[in-house]
Peer 1: 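Attaching a single structure in structure tokens format; questions to follow.
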Amino acid sequence: MVQLGSRLLKGYRGGHVVIRFALGGCTNRPFYRIVAAHSRRARDGKYLEQLGCLDPLPNAHGERVAGLNLERLRHWLGCGAQLSRPAEKLLGLAGFLPLHPMTVTGAERLRQRAREVAAPPAAGSPGAGDAP
Amino acid sequence: PPAEGEAARPAFGDEAVQTLLRRMTGLDLQKVFRPVKTELKPPKYKLMTEAQLEEATRKAIEEAKEKLIMPPVLNEREPIDDVLAEDKFLEGTETTKYVFTDLTYSIPHRERFIVVREPNGILRKATWEERDRMIQIFFPKEGRRVIPPVVFKDEHLVTVFQQDRHEDILNMCVAQFEPDSPDYIRVHHRTYDDIEKHAKYDLLRSTRHFGGMVWYLVNRKKTDGLLTDMIHRDLLDDATSLITLYHMLHPECQSAKEAKERKLQGVDLIKVFVKTESQKEGYIQLALQAYEEAMATSTAS
């Protein structure tokens with residue numbers, strides 16, 4: 001029990017507030033909670049506030065449901081919280097933040113790979129040089 | 001659009017209309033407070049004086065009036081199709097859409113932001129059905145389900161009507177759907193049509209749905225069956241209220257003009273209305289005759 005107490009009352013040196021995903025759910029059934037927590041805390045540990053959730057598996061209507069408490073999100077961002085990369089990408093998709101550059105780059109890369117898969121069987125020459 | 005001002009076309013919520021509808025709904029305490037299927041408890045008996053009994057009856061009437069507040073009648077809502085962003089280069093990265101709901105507690109549900117990011121990269125506002133589903137998932141309301149029950153489909157409504165459970169299905173409908181959703185309006189119209197077809201008006205009397213039904217029938221000028229039913233049950237005041245409402249909504253019709261000129265009241269009003277407006281004149285004349293004979297015999301004896 002003493003170990004439990006010290007883990008909950010931990011004070012850290014350094015570190016900052018991050019808004020990130022905390023994984024929950026069961027085997028082969030993930031469920032993310034969008035959470036404001038200290039960066040040094042465990043991923044699923046004690047957090048400051050839950051700001052939303054994301055269900056990565058599509059539901060009966062073929063949609064992935066996500067909830068975002070925008071008012072509190074704005075509050076924490078105003079307090080100087082940082083965002084993890086998946087959180088930034090999700091907020092970019094939602095339209096709250098501008099689209100993350102890696103989302104765009106990822107889409108480009110996917111298209112490039114699709115083109116390379118399609119092109120070599122058709123043309124013998126190697127595909128057009130790597131687009132940076 | 002009519003050339004006269006807004007006062008020409010009375011709306012469902014106007015004071016005068018509501019007063020007329022409330023009078024027609026009636027206040028049968030036995031029916032309003034009839035036993036709802038709850039946990040079985042032994043009855044409680046209280047010993048009261050006359051004054052206390054009056055007080056209790058008065059409080060019961062107040063509560064009954066609250067229970068009889070009519071659910072709103074609105075026009076069907078316009079579908080939402082508003083695109084917030086088009087990012088066509090995202091095509092192919094995802095296979096399913098994302099639905100984002102704003103979970104801020106203090107904003108009303110109508111103003112909540114619910115957006116959908118489609119697999120082809122378009123960021124659009126969610127449709128009304130998606131909105132209702134998401135709001136029910138995150139802010140569940142009593143008596144409402146995320147996916148509407150199958151009983152609201154047309155083929156199953158028929159079964160419900162055969163069991164005479166119009167009031168129950170209308171209560172379920174009010175709990176499940178928003179007043180301006182097409183499903184709400186469709187279920188209500190089917191129920192009212194079925195009641196009018198089989199003349200089961202008494203099922204809804206003294207419930208909060210009676211006003212809505214009368215409004216629907218008067219707007220479509222299908223008031224004959226209801227008028228006959230009222231005269232059969234000797235509710236002449238209700239009949240006059242019904243005709244007054246009809247005249248308020250259709251001021252250009254023949255009987256409205258006659259009534260205004262000659263300032264008719266009571267049975268005369270009904271007679272003029274029957275001669276000019278109704279389709280089933282014969283039935284209503286017969287009912288009126290029977291009523292007058294009954295009045296004559298009761299006053300004579």
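Letters go in sequence order (proteins before strands), and every chain restarts at 1. Everything quoted here is computed from the prediction, not taken from an experiment.
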Peer 1: Do the side chains of A:H61 and B:E130 get nearer than 4.5 Å, heavy atoms only?
Peer 2: no
Peer 1: Is B:E91 salt-bridged to A:R111, cutoff N-O under 4.0 Å?
Peer 2: no
Peer 1: Are there more than 12 heavy atoms of other residues, nucleotides or ligands under 6.0 Å from atom NZ of B:K200?
Peer 2: yes
Peer 1: Evaluate whether atom CD of B:E66 has more than 12 neighbouring non-hydrogen atoms of other residues, nucleotides or ligands under 6.0 angstrom away.
Peer 2: no
Peer 1: When you look at CZ of A:R33, are more than 12 heavy atoms from neighbouring residues, nucleotides or ligands closer to it than 6.0 Å?
Peer 2: yes
Peer 1: Can you confirm whether A:L99 sits close enough to B:L90 that some side-chain heavy atom of one is under 4.5 Å from a side-chain heavy atom of the other?
Peer 2: yes
Peer 1: Is it the case that over 12 heavy atoms from other parts of the model lie below 6.0 angstrom from the CZ atom of A:R85?
Peer 2: no
Peer 1: Where along residues 98-122 of chain B does a heavy atom come under 4.5 Å of chain A, listed by residue number?
Peer 2: B:Y98, B:V99, B:F100, B:T101, B:D102, B:L103, B:T104, B:S106, B:V115, B:R117
Peer 1: Is atom CG of B:N75 surrounded by more than 12 heavy atoms (other residues, nucleotides or ligands) closer than 6.0 Å?
Peer 2: no
Peer 1: Checking heavy atoms, do the side chain of A:L68, its backbone, both or neither come under 4.5 Å from chain B?
Peer 2: both
Peer 1: Pick one of side chain, backbone, both or neither for A:L90, based on which atoms fall under 4.5 Å of a heavy atom in chain B.
Peer 2: both
Peer 1: So if I take each residue of residues 131-148 of chain B and look for any heavy atom under 4.5 Å from a heavy atom in chain A, which residues do I end up with?
Peer 2: B:R133, B:M134, B:F138, B:I147
Peer 1: CD of B:E78: more than 12 outside heavy atoms within 6.0 angstrom?
Peer 2: no
Peer 1: Sort B:L123 into side chain, backbone, both or neither according to what part of it lies under 4.5 angstrom from a heavy atom of chain A.
Peer 2: side chain
